[in-house]
Amino acid sequence: MALIVQKYGGTSVGSVERIQAVAQRVYKTVKAGNSIVVVVSAMGKTTDGLVKLANEISPNPNRREMDMLLSTGEQVTIALLSMALQELGQPAISMTGAQVGIVTEAEYSRARIVDIETTRLNRHINEGKVVVVAGFQGISSAGEMEITTLGRGGSDTSAVAIAAALRANFCEIYTDVPGILTTDPRLVPEAQLMDAITCNEMLELASLGAKVLHPRAVEIARNYGVPLVVRSSWTDAPGTWVTSAKPQGRSLINLEIARPVDAVEFDTNQAKVALLRVPDKPGVAARLFGEISRQKVDVDLIIQSIHEGNSNDIAFTVTTPILKRAEAVAAAIAPSLRSQSNPKSDEAEVMLEHNIAKVSIAGAGMIGRPGVAAKMFATLAEAGVNIQMISTSEVKVSCVVDAAECDRAVSALRTAFEIEAGEQGAGSRGELLTPHSPPPVRGVALDLNQARLAIRQLPDRPGMAAKLFGLLAQHNISVDMIIQSQRCRVIDGVPRRDIAFTVSRMDGENAKEMLTQVAAELGWGEVVLDSAIAKVSIVGAGMVGHPGVAAKMFEALAQQQINIQMIATSEIKISCVVAQEQGVKALQAIHAAFELAGSEKFVVPA
Ligand code: ADP
Ligand code: ASP
Ligand code: MG
């Protein structure tokens with residue numbers, strides 16, 4: 001006999017018939033000798049409908065009232081599903097988040113779970129009942145008793161958190177697709193079903209736009225080692241397992257708000273190659289990295305900043321022993337990137353930096369917590385360390401600094417984030433999926449909900465990144481890709497660089513307004529907002545030590561004449577910003593280039 005938490009999403013409970021079908025499945029699982037807690041979403045598009053209603057009354061509704069409103073959707077489903085189970089003769093009881101005791105922070109619309117009471121749940125389970133819990137909602141701690149929600153898509157998070165708290169045998173997420181696919185089947189019907197994916201890979205995919213799982217649900221599964229499977233509520237097919245390494249016996253107190261950073265990592269065996277002023281047109285990155293991969297040079301971080309005039313800078317890091325080869329390739333290609341009419345111009349200059357180190361903070365707890373990157377930058381600034389290059393993923397921030405400053409940087413970061421020397425992050429613990437090595441690219445994701453902000457001519461000195469991202473954090477604005485230009489220009493005797501980053505599109509205008517004011521006060525340059533962007537990303541744990549993956553992605557875009565506006569990478573992902581109207585085409589081209597398509601076409605039920 002097992003204790004199983006099953007979660008059913010909106011489409012899966014979208015009608016009376018669907019609710020009855022869910023009740024049948026739950027009933028069958030109980031009859032097979034299992035205990036079940038069911039977590040449900042609101043029916044169909046109910047939550048969207050409620051958001052629309054609110055917007056008809058106020059363009060900017062009060063966040064407390066919004067949570068009060070949105071939490072009603074799930075409450076309808078729990079009552080109906082309990083009734084459907086009772087009709088089958090199965091004892092069942094519905095419970096709201098508050099009744100269970102899903103205690104969260106008092107942060108409306110994005111509350112994190114602090115603790116889950118298990119006494120009441122266990123009592124009902126032991127009495128042989130199926131407990132039907134409202135997903136997506138909680139209650140702030142004693143005294144306040146405010147109704148909170150966890151953020152859109154948050155029922156997945158409720159389910160995995162309950163599974164962790166009850167130490168359930170596993171958690172099943174039932175949805176409208178057969179499992180996790182290589183990309184969104186609504187955009188690429190040939191997407192292929194995976195049997196399994198590691199938590200680290202899924203965390204990146206989920207954060208980069210694959211909404212099949214809420215990233216915070218994956219984070220909890222990883223932290224607590226909850227076996228997690230995504231399956232279709234229409235069939236009995238086995239679905240996709242999300243695998244994690246053995247958990248470290250973490251406490252359930254402060255479930256979602258434990259340390260945001262698990263590890264401080266560094267690598268002094270790195271060198272940086274920068275190509276300054278390369279033409280801003282399709283195919284340039286493809287040519288450069290194509291040649292580099294033909295020379296079997298494995299690049300680590302790659303960044304391409306926003307264009308200035310009609311040129312870009314591209315920089316990448318390699319391990320020191322292969323620097324000579326990487327440099328030779330970059331130098332050989334540079335002349336062909338210069339304009340034919342003026343071959344002596346200062347275009348495509350190659351710049352090398354031997355004495356650098358990469359220092360990183362890693363941890364899934366930084367997702368949606370805007371202050372973490374800012375704290376890293378502030379810590380480095382206080383230690384007097386200048387940041388040469390920044391590269392971010394949702395679960396990691398890496399900075400390239402002068403090698404001589406590496407020790408100082410690492411020890412300051414360890415103190416700031418309370419990490420003992422030698423402690424390893426969940427990311428480096430390794431997740432055994434199969435005896436085979438993981439594929440270089442597991443999946444592709446598209447995010448159409450981002451906007452890009454750029455600030456021109458920010459003084460290049462320690463503390464600038466800290467100041468900028470500290471300000472954004474204070475305004476509760478989460479930043480995603482961050483890219484600093486390589487080009488440094490001296491204006492009024494001060495060396496200056498541009499810095500660009502992406503934020504959620506919702507936050508774009510606010511962030512621009514706030515930063516424009518600050519820029520005027522501090523003498524920074526222009527603040528530019530572009531909301532018409534798309535971010536397309538590839539994710540795969542096997543891309544480490546596998547030259548040519550980046551080149552193939554860039555080549556796929558070049559073949560479609562899609563210009564890359566920004567590039568950022570982490571060990572297991574590469575993201576490119578392209579024009580919004582080219583987003584879907586970019587996703588399709590990349591999915592095809594990595595031969596991820598299957599033989600079947602998926603039709604997602606309405
Ligand atoms: P639910 O209501 O069950 O929580 P969601 O709509 O939140 O369902 O998530 C399922 C949807 O996620 C699918 O219908 C699909 O369009 C989308 N999706 C995006 N990326 C992927 C992917 N890589 N694999 C599967 N589905 C994906
Ligand atoms: N009903 C909520 C939403 O639509 C939560 C969920 O479905 O996961 O976002
Ligand atoms: Mg969902």
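Counting starts at 1 for both ligands and their atoms, in listed order.
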For residues 148-161, tabulate all N or O donor-acceptor pairs below 3.5 Å that involve a side-chain atom, not counting sequence neighbours.
{"residue": "Thr148", "atom": "OG1", "partner": "Thr104", "partner atom": "OG1", "Å": "2.7"}
{"residue": "Thr148", "atom": "OG1", "partner": "Gly138", "partner atom": "O", "Å": "3.3"}
{"residue": "Thr149", "atom": "OG1", "partner": "Asp67", "partner atom": "OD1", "Å": "3.0"}
{"residue": "Arg152", "atom": "NH1", "partner": "Asp48", "partner atom": "OD1", "Å": "3.3"}
{"residue": "Arg152", "atom": "NH2", "partner": "Asp48", "partner atom": "OD1", "Å": "2.9"}
{"residue": "Ser155", "atom": "OG", "partner": "Ser41", "partner atom": "OG", "Å": "3.3"}
{"residue": "Asp156", "atom": "OD1", "partner": "Lys7", "partner atom": "NZ", "Å": "2.7"}
{"residue": "Asp156", "atom": "OD2", "partner": "His214", "partner atom": "N", "Å": "3.0"}
{"residue": "Thr157", "atom": "OG1", "partner": "His214", "partner atom": "ND1", "Å": "2.6"}
{"residue": "Thr157", "atom": "OG1", "partner": "Ala217", "partner atom": "N", "Å": "3.3"}
{"residue": "Ser158", "atom": "OG", "partner": "Phe136", "partner atom": "N", "Å": "2.7"}
{"residue": "Ser158", "atom": "OG", "partner": "Gly154", "partner atom": "O", "Å": "3.3"}

Looking at ligand 2, does any of its N/O atoms fall within less than 3.5 Å of an N/O of [X]?
X      : result
Lys7   : no
Gly153 : yes
Asp156 : no

Heavy-atom contact check, 4.0 Å cutoff: does [X] meet ligand 2?
X     : answer
Glu74 : yes
Gly9  : no
Gly73 : no

So how far is it from [X] [atom1] to [Y] [atom2], rounded to the nearest 0.5 Å?
X      : Y      : atom1 : atom2 : value
Thr502 : Gln450 : OG1   : CD    : 4.0 Å
Asn169 : Arg167 : CG    : CZ    : 12.5 Å
Trp234 : Thr11  : CH2   : OG1   : 5.5 Å
Met481 : Thr569 : CE    : OG1   : 9.0 Å
Ser531 : Arg505 : OG    : CZ    : 6.0 Å

Out of the candidates Leu587, Ile590, Val584, only one should pair with Val188 under the side-chain contact (heavy atoms from CB on, under 4.5 Å) rule; please name it.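 Checked Leu587, Ile590, Val584 against Val188; only one passes side-chain contact (heavy atoms from CB on, under 4.5 Å): Leu587.
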
Should you measure from each heavy atom of Gly154, which atoms of ligand 2 turn up under 4.0 Å away?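 That gives atoms 5 (C), 8 (O) of ligand 2.
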
Aromatic plane relationship, Phe289 with Phe554 - under 30° parallel, 30 to 60° tilted, over 60° perpendicular: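 Rings of Phe554 and Phe289: perpendicular, over 60°.
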
Is it true that Glu107 and Arg63 make a salt bridge, defined as a side-chain N closer than 4.0 Å to a carboxylate O?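 Looking at Glu107 and Arg63, the cut-off is met.
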
Is any NZ, NE, NH1 or NH2 atom of the basic residue among Asp236 and Arg25 found under 4.0 Å from an Asp or Glu carboxylate oxygen of the other?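 Here Asp236 pairs with Arg25 in a salt bridge, since their nearest N and O are under 4.0 Å apart.
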
Worked verdict on Asp176 versus Arg18 for salt bridge (Lys or Arg N to Asp or Glu O under 4.0 Å): CA-CA 11 Å; Asp176 55 10; Arg18 290 303 314 154; over 6 Å; no

For atom 7 (O) of ligand 2, the protein heavy atom that lies nearest, with its residue and separation: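 Answer, as residue, atom name and distance: Ser41 OG, 3.0 Å.
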
Would you please write out the protein residues whose heavy atoms approach any atom of ligand 1 to under 4.0 angstrom, listed by chain and number?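 Ligand 1 pocket, heavy atoms under 4.0 Å: Lys7, Gly9, Gly10, Thr175, Asp176, Val177, Gly179, Ile180, Leu181, Thr183, Asp184, Pro185, Arg186, Ala210, Lys211, Val212, Val604.
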
Pick whichever of Lys45, Arg152, Met43 has a heavy atom sitting closest to atom 4 (O) of ligand 2.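 The option holding the nearest heavy atom is Arg152.
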
My understanding is that we take every heavy atom of each candidate and find the minimum distance to atom 8 (O) of ligand 2. Doing that for Gly10, Ser155, Ala159, Ser158, which one comes out nearest?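 It is Ser155 that holds the nearest heavy atom.
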
